Amino acid sequence: MNGEIPNVILVGGPAGLPDDQRVHHVKPGAEKIKIPCGNGYEHFVPTDRTIDVDGRSLTVYEWSGRTRIAE
């Protein structure tokens with residue numbers, strides 16, 4: 001996260017996505033997040049929900065699909 005304060009949490013997707021990769025900082029208004037995972041990318045989109053984590057209100061981004069890395 002490069003020292004930035006987390007503002008989103010990723011929900012859903014593969015069970016193999018570690019918890020430490022589920023909390024991120026994104027620019028306000030980001031339409032989606034793409035996370036490298038294995039041989040592809042996991043995609044997450046924002047919701048209207050929030051979850052309190054360690055005293056911070058994080059916007060929930062839900063898993064929306066997966067794409068493979070082009071070779």
Side-chain angles (χ1 to χ4, degrees):
M1 273 184 298
N2 300 327
E4 297 192 64
I5 297 171
N7 60 356
V8 303
I9 187 164
L10 309 179
V11 175
L17 187 62
D19 288 344
D20 66 343
Q21 291 185 21
R22 292 187 176 271
V23 177
H24 291 268
H25 176 85
V26 300
K27 293 180 182 176
E31 293 183 24
K32 64 181 172 181
I33 298 174
K34 180 170 85 169
I35 305 294
C37 184
N39 65 346
Y41 295 99
E42 303 301 333
H43 299 264
F44 296 83
V45 295
T47 69
D48 292 332
R49 298 184 331 224
T50 60
I51 294 177
D52 287 336
V53 176
D54 297 330
R56 287 195 166 83
S57 182
L58 306 180
T59 300
V60 174
Y61 274 59
E62 270 185 353
W63 184 76
S64 63
R66 177 175 183 30
T67 55
R68 292 189 183 260
I69 296 174
E71 294 184 28

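Hydrogens, waters and symmetry mates are skipped; everything else that's a heavy atom, side chains included, is used. Worth saying up front: this structure is predicted, and the values here are computed from it rather than measured.
Criterion: ILVMFWY side-chain heavy atoms under 4.5 Å apart, direct or through other members. Under it, Leu10 and Ile51 are not part of a common hydrophobic cluster. Note on Leu58: it clusters hydrophobically with Val60, by side-chain heavy-atom contacts below 4.5 Å among ILVMFWY residues.
Across Gly12 and Trp63, no two heavy atoms sit closer than the pair C-CB, 3.7 Å.
Counting heavy atoms of neighbouring residues, nucleotides and ligands inside a 6.0 Å radius, atom CG of Asn39 exceeds 12 of them.
When the salt bridge (charged side-chain N to carboxylate O under 4.0 Å, His left out) test is applied to Arg56, no partner is found at least two apart in sequence or on another chain. Pro46 pairs by the side chain to side chain contact (heavy atoms under 4.5 Å, CB included) definition with Tyr61, not counting sequence neighbours. Annotation: side chain to side chain donor-acceptor pair (under 3.5 Å) contacts of Asp19 (sequence neighbours excluded): none. For Asp52, the side chain to side chain contact (heavy atoms under 4.5 Å, CB included) criterion is met by Ser57, not counting sequence neighbours. Remark: Pro18 pairs with Asp20, Gln21 by the side chain to side chain contact (heavy atoms under 4.5 Å, CB included) rule, at least two apart or across chains. Partners of Lys32 under the side chain to side chain contact (heavy atoms under 4.5 Å, CB included) rule, at least two apart in sequence or in another chain, are Val45.
For the atom pair NZ of Lys34 and CD of Glu42, the computed distance is 12.0 Å after rounding to the nearest 0.5 Å. Summarising the geometry, atom NE2 belonging to His43 is positioned 14.0 Å from atom CD belonging to Glu31; distances are rounded to the nearest 0.5 Å. From Ile9, atom CD1 reaches atom CZ of Arg49 across 10.5 Å, with rounding to the nearest 0.5 Å.
When atom types are taken as modelled, the side chain of His25 and the backbone of Asn7 share no donor-acceptor pair closer than 3.5 angstrom. Put simply, the side chain of Arg68 never gets that close to the backbone of Gly40: no donor and acceptor are under 3.5 Å apart.
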Verdict with supporting geometry, Phe44 and Leu17, side chain to side chain contact (heavy atoms under 4.5 Å, CB included):
CA-CA 12 Å; Phe44 296 83; Leu17 187 62; 3.8 Å; yes

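Two residues are said to be in side-chain contact when any heavy atoms from C-beta on lie closer than 4.5 Å; His24 and Ile35 meet this criterion.
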